[in-house]
Amino acid sequence: MKYAAILFDFDYTLADSSAGIVTCFQNVLNRHSFDAVTDYQIKLTIGKPLEASFSLLTGITDPGKLEMLRQQYTREADTYMTANTFLYPGTLPVLEELRARGIQTGIISTKYRYRILEFLESQGIAGLFDLIIGGEDVTRHKPDPEGLELAIRTLAVPHEQALYVGDSTADAGTAAQAGVSFAGITSGMTTAAELAAYPHISILADINALSEIV
């Protein structure tokens, strides 16, 4: 199929920012004596809104306390995130190929848009994307399709000509709810079997394999 737009999750799909995320979480958690949380437990929450991640990791449910933790994380991320985020080796070639073929590209992520943009600008590749929709741009997070629907409207492409690429079941659920084709990618913490439980056109080992299906 000829896709008019290919839309991506960010973390564990285009780039690995797990080192920065773990550092920021551990700095905040240790400050509040949650020092038994492992790096692996933190990595399992990547892709969720920060408040949801902190709730899962600490058991805290009070919105005010979760907002305090979110704010502290954000301050940590100002220092540690961009410097500890790395593009996957295949990301740039794939994006350049899509651009050369006239396919629109975008990012839909729970990560803040300004944070993604800061990283993309540091790599000199912000111009390879037609839009970025981050956590601050929606009121309902994945797997709610609000962000994906916003991207499709903004790019003015039919749903059947859009493909969403992501590493998590939340990404897969987002595509399913929006009625958009989905390609799963196993460069994150979600297995191929977990992704394959959702409607999909392909399950990819990494971003390099995307060129083979589009």
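Residue numbers start at 1 and run along the sequence shown.
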Report task. Could you check Phe34 against Leu69 for side chain to side chain contact (heavy atoms under 4.5 Å, CB included), going step by step and ending with a plain yes or no? Result -> CA-CA 12 Å; Phe34 291 102; Leu69 295 173; 5.7 Å; no
Distance from [X] atom [atom1] to [Y] atom [atom2], nearest 0.5 Å?
X	Y	atom1	atom2	answer
Thr61	Phe54	OG1	CZ	15.0 Å
Asp167	Thr186	CG	OG1	9.5 Å
Asp206	Ile185	CG	CD1	6.0 Å
Ser18	Tyr40	OG	OH	13.0 Å
Arg115	Ile132	CZ	CD1	13.5 Å
Leu131	Leu7	CG	CG	7.0 Å

[X] (side chain) donor-acceptor with [Y] (main chain) under 3.5 angstrom:
X	Y	answer
Glu146	Thr139	yes
Gln177	Lys142	no
Asp137	Gly134	yes
Tyr164	Ile108	yes
Gln41	Thr38	yes
Ser122	Phe119	yes

Query raised in the report: When you check the gap from the basic side-chain N to the acidic O, do Arg70 and Glu67 get nearer than 4.0 Å?
Result: yes
Requested in this report: Inspect the contact between Asp9 and Lys111 and indicate whether a charged nitrogen and a carboxylate oxygen are less than 4.0 angstrom apart.
Outcome: no
List the atom of [X], the atom of [Y], and the distance in Å for their closest heavy-atom pair.
X	Y	value
Val94	Ser211	CG2-OG, 3.9 Å
Leu44	Met189	CD2-CE, 3.8 Å
Leu204	Ala183	CD1-CB, 4.4 Å
His159	Ala178	CD2-O, 3.0 Å
Gly188	Tyr12	CA-CG, 3.5 Å
Thr110	His141	CG2-ND1, 4.1 Å

Do [X] and [Y] come within less than 4.5 Å of each other through their side chains, counting heavy atoms only?
X	Y	result
Asp39	Phe25	no
Glu76	Thr23	no
Tyr73	Glu51	no
Asp171	Thr190	no
Phe129	Ile116	no
Tyr3	Ser181	yes
Glu136	Tyr114	yes
Leu87	Ile125	yes

**Report entry** Chi angles and distances behind the side chain to side chain contact (heavy atoms under 4.5 Å, CB included) call for Lys2, Ile103
**Finding:** CA-CA 9 Å; Lys2 166 67 173 175; Ile103 298 174; 3.9 Å; yes
Query - For Asp11, the option from Ser17, Ser109, Ser168 that meets side chain to side chain donor-acceptor pair (under 3.5 Å) - result: Ser17
Say whether [X] and [Y] are linked into one hydrophobic cluster, either directly or through other cluster members, by side-chain heavy-atom distances under 4.5 angstrom.
X	Y	result
Phe182	Leu148	yes
Leu155	Leu95	no
Leu150	Val165	no
Ile60	Leu50	yes
Val214	Leu195	no

Query raised in the report: Quick one: which of Leu14, Leu128, Leu210 gives a side-chain contact (heavy atoms from CB on, under 4.5 Å) with Thr91?
Result: Leu14
**Report entry** Test log, rule side chain to side chain donor-acceptor pair (under 3.5 Å), inputs Gln104 and Asp130
**Finding:** CA-CA 6 Å; Gln104 296 186 89; Asp130 294 288; 6.0 Å; no
Report task. Output, in order, the C-alpha distance, side-chain angles, deciding distance and verdict of side chain to side chain contact (heavy atoms under 4.5 Å, CB included) for His32 and Lys65. Result -> CA-CA 11 Å; His32 295 277; Lys65 292 180 179 178; over 6 Å; no
